[in-house]
Novice: 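Here it is: the structure, laid out below.
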Amino acid sequence: MRARAGVVYLVGAGPGDPGLMTMRSLELIASADAIFHDRLIPPGALAGAREDAELVYVGKVPGKPSVPQEEIGKRLIEAAQAGKSVVRLKGGDPFVFGRGGEEGEALRAAGVEFEVVPGVTAGVAASAYAGIPVTHRDDASAVAFVTGHEDPEKEETALDWDALAHFPGTLVFYMGVKRLNDNAAALIAAGRDADEPAAAIERGTMDGQRTAVATLGTLAEAVEREGIGSPALIVVGPVSRDARRLPGWSGGRCTESASSSPAPVRRQAAWPRPFVRLGPR
Ligand code: SAH
């Protein structure tokens, strides 16, 4: 269905692999009058946009000046009130650490109609492409998505470390690389086992995805050594071991037979699959 005039669509673009964009997102991108997009959107995500569509970059680079959140809200409202069909395109899912909730509130307050189009969130997809199932019948009956609070606008951590240390399942930290050392120490101090497997996944589902596997106590050191940087996810829990257990895992597919020797995979080779082209721009 085409994007409607005067409506804002809060659309998730998925974690980076263009093949993980939803059909609904592509339909809306192809028909919108205006597209306000983030930095972390898949390559070619805007290739199907109309030639005359207004493409506006409103992304944030950690630690650099960017368009303030209130300004983004204001511009979405103005565009919709001017009668445009508007797509607000965000990495992953708009409601998972994507500030989609805040933008929705601003739109509702201004009386602007909006719709949410969920996307594949990095916590699930980057983990999967690294060979880590975030839940597992034997190893993890629950999964928690947690912010590592790298947001420059937030200094204080409001996390309940005691609850997280005792959480009976996998912990997936978004924005967690910069504070990894402190966060791991806080978890261990609150009772989480320092020897629990943990992984850091850089550029999950994107070209050049890399995974470092260690323990909660040693992951910060491994990340530092490997030079793992943003965007990256931190996964804490026995399931992180599976990044090692599945040999030759890449691009979400196991490329070696199950009988081959399960050599530890410390770093994942560059993602070999070419990006899907979404059509001429
Ligand atoms: N709304 C997004 C998350 C935005 S917060 C989603 O649902 O996925 C930004 C954080 O998401 C990054 O700091 C990183 O922790 C994580 N992230 C996003 N894309 C990623 C990717 N391709 N690989 C690893 N982590 C990613």
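Just follow the structure's listing: the first ligand is 1, and inside any ligand the first atom is 1. Keep in mind the model is a prediction, meaning the values are calculated, not measured.
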Novice: Can you tell me if Gly16 has a non-hydrogen atom under 4.0 Å from ligand 1?
Specialist: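 Judged by the 4.0 Å heavy-atom criterion, Gly16 does not count as contacting ligand 1.
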
Novice: Tell me which pairs pass salt bridge (Lys or Arg N to Asp or Glu O under 4.0 Å) where either residue lies in residues 111-130, with sequence neighbours left out.
Specialist: Arg4-Glu113, Arg24-Glu115

Novice: Can you tell me if Lys90 has a non-hydrogen atom under 4.0 Å from ligand 1?
Specialist: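 Contact check Lys90 vs ligand 1: negative.
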
Novice: Under the 3.5 angstrom rule, does the side chain of Thr218 hit a backbone N or O of Ala214 as a donor-acceptor pair?
Specialist: no

Novice: For atom 3 (C) of ligand 1, which candidate among Thr147, Val96, Ile41, Val177 provides the closest heavy atom?
Specialist: Val96

Novice: How about Asp33 and Ser85: does a side-chain donor come under 3.5 Å of a side-chain acceptor?
Specialist: yes

Novice: List ligand 1 atoms under 4.0 Å from Asp93, heavy atoms only on the residue side.
Specialist: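 Selected atoms, number and element: 1 (N), 6 (C), 7 (O).
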
Novice: Run the contact test for Leu233 against ligand 1 with a 4.0 Å cut-off on heavy atoms, strictly below, and give the result.
Specialist: yes

Novice: Among residues at least two apart in sequence or on other chains, which ones pass ring pair (Phe, Tyr, Trp, His ring centres under 6.0 Å) with Phe97?
Specialist: Tyr174

Novice: Which is it for Ile201 and ligand 1 at heavy atoms under 4.0 Å: side chain, backbone, both or neither?
Specialist: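 The backbone, only.
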
Novice: Whether the Asp38 and Tyr57 side chains hold a donor-acceptor pair (N or O, under 3.5 Å, no angle test) is what I'd like checked.
Specialist: no

Novice: As a check for students: among Thr121, Leu20, Ile228, Leu40, identify the option with a heavy atom nearest to atom 7 (O) of ligand 1.
Specialist: Thr121

Novice: Can you name the one residue among Thr147, Leu233, Val146 that meets side chain to side chain contact (heavy atoms under 4.5 Å, CB included) with Met175?
Specialist: Thr147

Novice: For ligand 1, which atoms have a heavy atom of Gly204 less than 4.0 angstrom away?
Specialist: 21 (C), 22 (N), 23 (N), 24 (C)

Novice: Atoms of ligand 1 less than 4.0 Å from Met206 heavy atoms?
Specialist: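 That gives atoms 22 (N) of ligand 1.
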
Novice: Does Pro94 reach ligand 1 with a nitrogen or oxygen that is under 3.5 Å from one of the ligand's nitrogen or oxygen atoms?
Specialist: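 No; every N/O pair is 3.5 Å or more apart.
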
Novice: What distance do Lys74 atom NZ and Ile77 atom CD1 have between them, rounded to the nearest 0.5 Å?
Specialist: 9.5 Å

Novice: Is the side chain of Arg210 donor-acceptor paired with the backbone N or O of Gly227 at a distance under 3.5 Å, no angle test?
Specialist: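 Side chain of Arg210 to backbone of Gly227, a donor-acceptor pair under 3.5 Å: yes, one is there.
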
Novice: Could you tell me whether Ala232 approaches ligand 1 through its side chain, its backbone, both or neither, with non-hydrogen atoms closer than 4.0 Å?
Specialist: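 Contact part for Ala232 vs ligand 1: backbone (N, CA, C, O).
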
Novice: Side chain or backbone of Arg203 under 4.0 Å from ligand 1, or both, or neither, by non-hydrogen atoms?
Specialist: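 It is the backbone that gets close, since no side chain atom is under 4.0 Å.
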
